[in-house]
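Both backbone and side-chain heavy atoms feed into the values below; hydrogens, waters and symmetry mates do not.
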Amino acid sequence: AIAARVLEGAFGADVPVVALKALTGDLFGAFGALAAAAGVLALRDGVLPGGRAVPGLGAVLVHDFSCEGNHAAMVLTRRAPAAAAKRRTN
């Protein structure tokens with residue numbers, strides 16, 4: 001609840017937040033890979049885990065806070081359309 005209030009204060013009430021572990025349970029070391037895959041799919045499809053559609057989703061923060069003491073965070077973003085087109089032609 002505290003983290004949600006901090007996020008809302010920093011970014012506004014329209015920032016979607018999903019607790020993926022609530023949907024999957026603790027997968028220990030495998031959770032980071034699953035969370036990254038879920039982030040990539042959310043960016044591709046514009047749908048967050050749990051089914052909330054977010055049109056125009058441009059970035060997601062994937063945070064793995066494990067009970068073993070390993071913590072990691074990464075921001076996944078969409079590739080700019082021009083960069084994607086240039087890459088396909090090379």
- Taking side chain to side chain contact (heavy atoms under 4.5 Å, CB included) as the test, write out the residues that go with Ala10, two or more places apart. none
- Item | For Arg78 against Arg44, the heavy-atom pair lying closest together | NH2-O, 3.6 Å
- Can you list the residues that meet the side chain to side chain contact (heavy atoms under 4.5 Å, CB included) rule with Leu61, with sequence neighbours excluded? Ala73, Val75
- Message: So which atom in Leu43 and which in Gly58 form the shortest heavy-atom distance, rounded to 0.1 Å?
- Response: CD2-C, 3.6 Å
- Using links of under 4.5 Å between side-chain heavy atoms of ILVMFWY residues, direct or through other members, which residues join Val47 in one cluster? none
- Query: What are the two closest heavy atoms between Thr77 and Ala59, and how far apart are they?
  - Reply: CG2-CB, 3.8 Å
- Message: The criterion is side chain to side chain contact (heavy atoms under 4.5 Å, CB included); which residues satisfy it with Thr24, sequence neighbours excluded?
- Response: Leu20, Leu27, Phe31, Leu34
- Message: Using the rule that Ile, Leu, Val, Met, Phe, Trp and Tyr join whenever any side-chain heavy atoms are under 4.5 Å apart, tell me whether Leu57 and Leu41 fall into a single cluster.
- Response: no
- How close do Val62 and Ala36 get, heavy atom to heavy atom, and via which atoms? CG1-N, 3.9 Å
- Note on the structure: Value for CE (Met74) from NE2 (His63), rounded to nearest 0.5 Å, stands at 11.5 Å
